[in-house]
Amino acid sequence: MTDRQRALQVLQRLNLLYAGSPCPLEFQTPVQLLLAVIMAAQCTDERVNQVTAALYSRYPDAAAIAHADLAELETILQSLSFFRNKAKNIQATSQVLVEKYGGEVPQDIAQLVKLPGVARKTATMVLHFAYGIDAGITVDTHVKRLSERLGFSQQKDLDKIEKDLIQLLPESEWGNCFVSLTYHGRSVCNAKKPACNICTVADLCPSATEKA
DNA sequence: ATCCCGAGGG
DNA sequence: CCCTCTGGAT
């Protein structure tokens, strides 16, 4: 079996397992999702959900956050990593949404990545979970870890990993790759103690410690 | 390459 | 104590 065939089989199994899974970040509107993803950098989704519950009950939309007191936003975000950056970014992004997009989230990745605190990972997630738009591969912490373990890429640099994945997989699987690897990374293939004994692709994984 | 920067787990 | 958590901007 070639590397390409093995990678495709891994993706097919994971897609079956994770297709249609809901977004782990809680939100009511695309604006709420966008701001939640900004806040999710280097931070667990459970923690973000705790903060957004308080934040959105007080400031439900872009206009409210745009006009909020920054020090108060910092207090609400205090339990998040990089909370000062994130408070500044969700307010600055909210202001742009109000001024340029009528308080809504644009459905275009080129527009999204211009927003403060938003780059490709955030934009890809928002397009997928808010609008059902496939925005292709982005290498986040989960995609990086699983790509190495699964033998998809030996590179360290995120852009090089992405190039390897693009080479390895057909374009039709790029978006699925991002979603499936992140879900599998969260639920089974953890950083510290990967649950290889219950992993559906253990027999295809060169790093598996136990065969299923 | 470095900074931001808190909480939970091992 | 060290590592990890769906990064982004300088």
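Protein chains get the first letters and strands the later ones, always in sequence-line order, with residue 1 at the start of each.
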Whole-Å P distance, C:dG8 and B:dA7: 22 Å
Salt bridge (Lys or Arg N to Asp or Glu O under 4.0 Å) contacts in which one or both residues fall within residues 167-178 of chain A, not counting sequence neighbours: none
Nearest-nucleotide comparison on DNA chain C, the residue closer to the 5′ end among A:N89 and A:D45: A:D45
Linked, directly or transitively: A:L168 and A:M1 (ILVMFWY side chains, under 4.5 Å): yes
Steps toward side-chain contact (heavy atoms from CB on, under 4.5 Å) verdict (A:L112, A:T122): CA-CA 9 Å; A:L112 283 171; A:T122 299; over 6 Å; no
Check: A:V113 and A:I109 side chains under 4.5 Å, non-hydrogen atoms: yes
Nucleotide interval of DNA chain C bounded by contacts with chain A (heavy-atom cut-off, under 4.0 Å): C:dC3 to C:dA9
C:dC2 to B:dC5 separation - C1' atoms, rounded to the nearest Å: 16 Å
Path from A:V96 to A:V98 over hydrophobic side-chain contacts below 4.5 Å: no
CG on A:L35 to OG on A:S94, rounded to 0.5 Å: 4.5 Å
Within 6.0 Å of CD in A:E72, more than 12 heavy atoms from elsewhere: yes
Student check: side-chain heavy atoms of A:L165 and A:F152 closer than 4.5 Å: yes
Sorted by number, the residues of residues 10-36 of chain A with heavy-atom contact under 4.0 Å to DNA chain C: A:P24
Residues touching DNA chain C, which here means a heavy atom under 4.0 Å, drawn from residues 106-134 of chain A: A:L115, A:P116, A:G117, A:V118, A:A119, A:K121, A:T122, A:M125, A:F129
CD-CD distance between A:Q91 and A:E74, expressed to the nearest 0.5 angstrom: 9.5 Å
A:E26 and A:Y56 side chains, donor-acceptor separation under 3.5 Å: no
Residues in contact with DNA chain C, drawn from residues 53-71 of chain A - heavy-atom cutoff 4.0 Å: none
Aromatic ring pairing A:F129/A:Y183, orientation class (parallel under 30°, perpendicular over 60°, tilted between): perpendicular
Per-nucleotide protein contact string for nucleotides 2-10 of chain B, where B marks a base within reach and S marks sugar-phosphate only (heavy atoms under 4.0 Å, - for neither): --BBBSSB-
Worked check of side-chain contact (heavy atoms from CB on, under 4.5 Å) between A:R149 and A:C189: CA-CA 9 Å; A:R149 287 184 179 164; A:C189 195; 3.1 Å; yes
Reported CG-to-CG distance for the pair A:L97 and A:L115, which is rounded to 0.5 angstrom: 5.5 Å
C1'-based separation of B:dC4 from C:dC5 [nearest Å]: 15 Å
A:Y18 and A:S187 side chains, donor-acceptor separation under 3.5 Å: yes
Distance-only donor-acceptor check, side chains A:K144 and A:S153, under 3.5 Å: no
